[in-house]
Protein chains: 2
Amino acid sequence: MMTEPNSEQLSTDPAQILREAGLRATQQRTSVLTILAASTDHPTVDDVYDKARQLDDSVSIATIYRTMLLLETAGLIRKLTFDDAPARYEMTPNRDHDHLIDIDTGELIEIPGREISELRARIVNDLGYDVVSQHTILRGRRKH
Amino acid sequence: MMTEPNSEQLSTDPAQILREAGLRATQQRTSVLTILAASTDHPTVDDVYDKARQLDDSVSIATIYRTMLLLETAGLIRKLTFDDAPARYEMTPNRDHDHLIDIDTGELIEIPGREISELRARIVNDLGYDVVSQHTILRGRRKH
DNA sequence: CTCTATGCAAAGTTTTTGCATCCTG
DNA sequence: CAGGATGCAAAAACTTTGCATAGAG
């Protein structure tokens with residue numbers, strides 16, 4: 001096995017990522033980031049809380065809320081707000097994508113591709129604005 | 001002045017709109033619909049509650065919540081959910097549009113045009129879905 | 001008149017906050 | 001060590017709900 005220290009290029013270690021963002025790498029923050037990085041779905045605060053307790057049953061929900069806000073502010077994670085359901089989170093995606101909700105199954109589908117982003121950026125630009133963030137929620141029904 | 005009864009074509013009278021939707025035209029529902037129709041901004045539940053009390057100081061917040069849900073379900077109004085701020089409402093727009101939030105001033109700007117809607121519909125269609133509803137939230141900063 | 005809608009108040013949810021203690025840097 | 005981070009519990013904010021009464025159709 002290689003025992004080389006990891007390169008300075010791209011951090012994949014949660015604690016490292018936190019420090020690079022200028023944040024203290026506490027046990028709780030590291031856990032939250034690890035949990036989110038390992039999630040393919042988009043967990044809610046409660047989902048994260050449950051998983052975090054499996055790693056350390058003394059974490060408090062208050063810390064989870066504080067950490068989610070911190071990571072979101074630092075741009076490390078993204079908050080997805082839907083009409084009724086509680087907010088969900090994902091690691092900040094490298095490539096912008098939108099979300100499609102199957103209204104029959106509740107399934108959340110990621111829509112890849114940058115066409116929409118680019119069109120939006122162009123339109124908003126014409127209005128005299130720079131886009132800081134953008135997010136689309138689509139609700140659809142599978143065709144049969 | 002004309003004293004002709006209004007035409008049967010398009011109702012602009014809130015009570016009439018409610019009945020056409022198969023709902024009872026109560027004082028409270030009529031007030032809420034009137035308030036929303038008169039709003040150029042996008043009021044929150046609390047905004048609507050405050051204005052409704054100016055018309056009838058005995059309305060309860062519970063009724064406002066129940067009415068918003070009822071009108072939304074009936075498709076008469078649309079709920080806009082933003083990342084942090086409380087939900088806002090608007091009359092269901094005839095033409096689909098998105099919203100741009102100025103992150104410095106908090107101003108909410110409507111983006112007209114159907115280009116985005118059409119592109120999205122096409123992409124989602126390619127995924128095998130029919131679009132039921134769609135909504136984009138953009139956050140931007142005015143260029144100087 | 002009948003049955004739904006409302007007001008009121010209590011209960012649920014979700015999120016935030018104060019404070020003493022713990023722990024990272 | 002010092003100052004920020006955490007756990008705990010209380011509080012705040014936001015919504016929903018049960019029930020008796022009022023009011024639309």
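Any value given below was found using the heavy atoms of this structure, including those in side chains, with hydrogens, waters and symmetry copies removed. Chain A is the first sequence line, chain B the second, and so forth, proteins listed ahead of strands; every chain is numbered from 1. The shown structure was predicted, so the numbers you read here are calculated from the model rather than taken from an experiment.
- Here the closest heavy-atom approach between residue A:S39 and residue A:K51 is recorded as OG-NZ, 3.8 Å.
- Considering B:T63, B:I61, B:T67, B:L69 in turn, B:I61 is the only one that fulfils the side-chain contact (heavy atoms from CB on, under 4.5 Å) rule with B:Y65.
- Between A:R29 atom CZ and D:dG4 atom P there is a gap of 12 Å when expressed in whole angstrom units.
- Side-chain atoms of A:T92 come within 3.5 Å of backbone atoms of A:I77 as a donor-acceptor pair (strictly under, hydrogens ignored).
- If you take CD of B:E72 and P of D:dT16, they are 10 Å apart, rounded to a whole angstrom.
- Applying the salt bridge (Lys or Arg N to Asp or Glu O under 4.0 Å) criterion to A:R122, with sequence neighbours excluded, gives B:E115.
- The backbone N or O of A:A15 sits nowhere less than 3.5 Å from a side-chain atom of A:T30 that would complete a donor-acceptor pair.
- Contacts between residues 44-59 of chain A and DNA chain D, counted as heavy-atom distances below 4.0 Å, involve A:S58, A:V59.
- In this structure, CD1 of A:I64 is placed 13 Å from P of C:dT15, rounded to the nearest angstrom.
- To the nearest angstrom, P of C:dT6 lies 8 Å from CG of B:L70.
- When the P atom of D:dA5 is taken as reference, atom CG of A:L71 falls 12 Å away, rounded to whole Å.
- Within the 3.5 Å criterion, the main-chain N or O of B:H42 finds a donor-acceptor partner in the side chain of B:R88.
- A:M68 has its CE atom 17 Å from the C1' atom of D:dT6, to the nearest Å.
- The backbone N or O of B:R24 lies less than 3.5 Å from a partner atom in the side chain of B:R29, making a donor-acceptor pair.
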Can you pull every protein N or O that's under 3.5 Å from an N or O on nucleotides 16-25 of chain C?
| unit_1 | atom_1 | unit_2 | atom_2 | d |
| --- | --- | --- | --- | --- |
| C:dT24 | O2 | A:R24 | NH1 | 3.3 |
| C:dG25 | OP1 | A:A25 | N | 2.9 |

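- Contact check on B:E72 versus B:K79 returns no salt bridge, with no Lys/Arg side-chain nitrogen under 4.0 Å from an Asp/Glu carboxylate oxygen.
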